[in-house]
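The next block holds one structure in the form of structure tokens; read it before the comments.
On a predicted model such as this, the values are computed, not experimentally measured, just so you know. Chain naming here is simple, since letters A, B, ... match the order of the sequence lines and numbering starts at 1 in each. Only heavy atoms go into these numbers, but all of them, side chains included; no hydrogens, no water, no symmetry mates.
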Amino acid sequence: MPELPEVETLAQMLKHGHEGHPPLPGRRVVGVSLRWPRHVAEPSVPAFRRRIQGQTIHDVSRRGKYFVFPLDEGTLLIHLKMSGDLRITQRHARRDRFEHTILHLDGDWDLRFSDSRKFGKLYLLNDPDRLLGVLGPEPLARDFTPAVLAQRLAGHDRPLKPLLLDQTFVAGIGNIYADEALHRAHLHPLRRSRSLATPDVRALWRGIRAALRQGIRHNGASIDWVYRGGEFQNHFRVYQRAGEGCPVCGTPIVRTVIGQRSSHFCPECQPEPEP
DNA sequence: CACGAGACCTGTTCGC
DNA sequence: TGCGAACAGGTCTCGT
């Protein structure tokens, strides 16, 4: 589910409170329930239990697709991977079968990590930069300029689609927003990074930012049962729209597989690169 | 450095 | 109706 816009939306909801649930900052962890211990990536499960106990959560933010929760000592990072979701519930609310990991909070609240595929991870780290530091730039930050993108593109000779999915290249883009950004930029997913002229780079820069911003404006995308609230899925131009008409030219959208991931594009607006 | 395959998991949907 | 195959928002590791 979660790419930058979904993580951003959820982080804001947790930070400020949502639908009667209190803001997370200021709450203290009074207990932990770990039904899927492999959710805890670091440190060991016993050390995690011990160290998180009694700590106050001071803030909620996002870096790439990670949630960042500064604590009294150290920082909790959570990555939702494919099917993860976070919600605040009352302690006694019915627990669904995917809520494998729960941080019990003071005031009889829970922070519940629901994750049907169990790919998600929690990290309790003294130095969160060990993970966050390897991420590429934040695509919506002021310092992510077309010149920065151009310079990074020139540093690789790779097809654009897998490059956009590489979190060390730019942080936060996933399969939905990569396809949506490339369509906006009129660039084929197999175009090579080094082959882009300056106008192409600008178009890609705009495409990335526009797709992500629009995603955030619609509170992210909710597909299937995962994630509630967002409705960006109603505004996809190409993602999961194979066979439907391109919103620009009406040509049927094509689906292919690139780097083991599905890719959706308009064969008319996003012409195939010369081999 | 680039790239593909396989792993990690489970749920839903599709085709026969 | 049943059943296996295909597919799903992500990333990591290994081998070429």
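With 3.5 Å as the limit, one finds no donor-acceptor pair spanning the side chains of A/His186 and A/Asp200. Using modelled atom types and a 3.5 Å distance limit, the side chains of A/His100 and A/Asp115 yield no donor-acceptor pair.
Nearest nucleotide to the side chain of A/Arg192, out of B/dC3, C/dG10, B/dG11: B/dC3. Checking B/dA2, C/dA8, B/dG11 against every side-chain atom of A/Ser116, the shortest atom distance belongs to B/dG11. Of all nucleotides listed (B/dC3, C/dA8, C/dT11), C/dA8 comes nearest to the side chain of A/Gln240. Closest contact between the side chain of A/Ser262 and the listed nucleotides C/dT11, B/dC3, C/dG9 involves C/dG9. In this structure, of C/dC12, B/dG11, C/dG9, it is C/dG9 that holds the atom nearest to the side chain of A/Ala221. Comparing atom distances between the A/Arg255 side chain and each of C/dC12, C/dC7, C/dG9 picks out C/dC7 as nearest. Nearest nucleotide to the A/Glu3 side chain, out of B/dC3, C/dG9, B/dT10: C/dG9.
A/Gln151 CD: 12 or fewer foreign heavy atoms inside a 6.0 Å radius. Under a cut-off of 6.0 angstrom, the local environment of CZ in A/Arg202 is sparse, with at most 12 non-hydrogen atoms contributed by other residues, nucleotides or ligands.
Residues A/Gln90 and A/Arg112 share a closest heavy-atom pair of O-NH2, 3.4 Å.
Looking at which nucleotide of DNA chain B each of A/Trp36 and A/Gly155 is closest to, the 5′-most match is held by A/Gly155.
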Before you tell me yes or no, could you show the steps for A/Phe232 and A/Tyr177 under ring-ring contact (aromatic ring centres under 6.0 Å, His included), namely the whole-Å CA-CA distance, both residues' side-chain angles and the distance that decides it to 0.1 Å? CA-CA 11 Å; A/Phe232 184 56; A/Tyr177 294 92; 5.4 Å; yes
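In this structure, the separation between NE2 on A/His156 and CG on A/Asp166 is 6.5 Å, given to the nearest 0.5 Å. Put simply, CZ on A/Arg237 and CG on A/Asp179 are 13.5 Å apart, with the number rounded to the nearest 0.5 Å.
Residue A/Lys81 places no side-chain N or O under 4.0 Å from the OP1 or OP2 atom of C/dT11. Applying the 4.0 Å criterion to OP1 and OP2 of C/dT11, one finds that A/His79 has a side-chain N or O inside that range. For B/dC3, one of the phosphate oxygens OP1 or OP2 lies less than 4.0 angstrom from a side-chain nitrogen or oxygen of A/Arg158. Taking only side-chain nitrogens and oxygens, A/Arg97 comes nearer than 4.0 Å to OP1 or OP2 of B/dG11.
A straight line from CD1 of A/Ile78 to P of C/dT11 spans 15 Å, rounded to a whole angstrom. Nucleotide C/dT11 holds its P atom 10 Å from the OH atom of A/Tyr123, rounded to whole Å. Between A/Met82 atom CE and B/dT12 atom P the separation is 15 Å, expressed in whole Å. Per the geometry, CG belonging to A/Leu165 stands 7 Å off P belonging to C/dG10, to the nearest Å. Following rounding to the nearest Å, A/Leu212 (CG) and C/dG9 (P) show an atom-to-atom distance of 16 Å. Computed from coordinates, the A/Lys65 NZ to C/dT11 C1' distance equals 9 Å when rounded to whole Å. Here the C1' atom of nucleotide C/dC12 and the CZ atom of A/Arg261 are 13 Å apart, to the nearest Å. Atom CG in A/Asp166 sits about 9 Å away from atom P in B/dA2, given to the nearest Å.
When heavy atoms are screened at a 4.0 angstrom cut-off, A/Asp157 is found touching the sugar-phosphate backbone but no base atom. Within 4.0 Å (heavy atoms only), A/Phe232 reaches no atom of the nucleic acid at all. Within the 4.0 angstrom heavy-atom criterion, base atoms lie near A/Gln260.
Centre separation under 5.5 Å together with a plane angle under 30° does not hold for the ring of A/Phe119 and the six-membered base ring of C/dT11, so they are not marked as stacked.
Between the P atoms of B/dA2 and C/dG9, the separation comes to 24 Å (whole Å). For the P atom pair drawn from B/dG6 and C/dA5, the interatomic distance equals 16 Å after rounding to whole Å. C/dA6 sits 15 Å from B/dA5 when the P atoms are compared, rounded to a whole Å.
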Pairing pattern in dot-bracket form [Watson-Crick, G-U; both distances under 3.5 Å; | = partner strand] for DNA chain C: .|||||||.|||||||
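Applying the side-chain hydrogen bond (donor to acceptor under 3.5 Å, both in side chains) test to A/Asp129 and every residue at least two apart in sequence or in another chain returns nothing.
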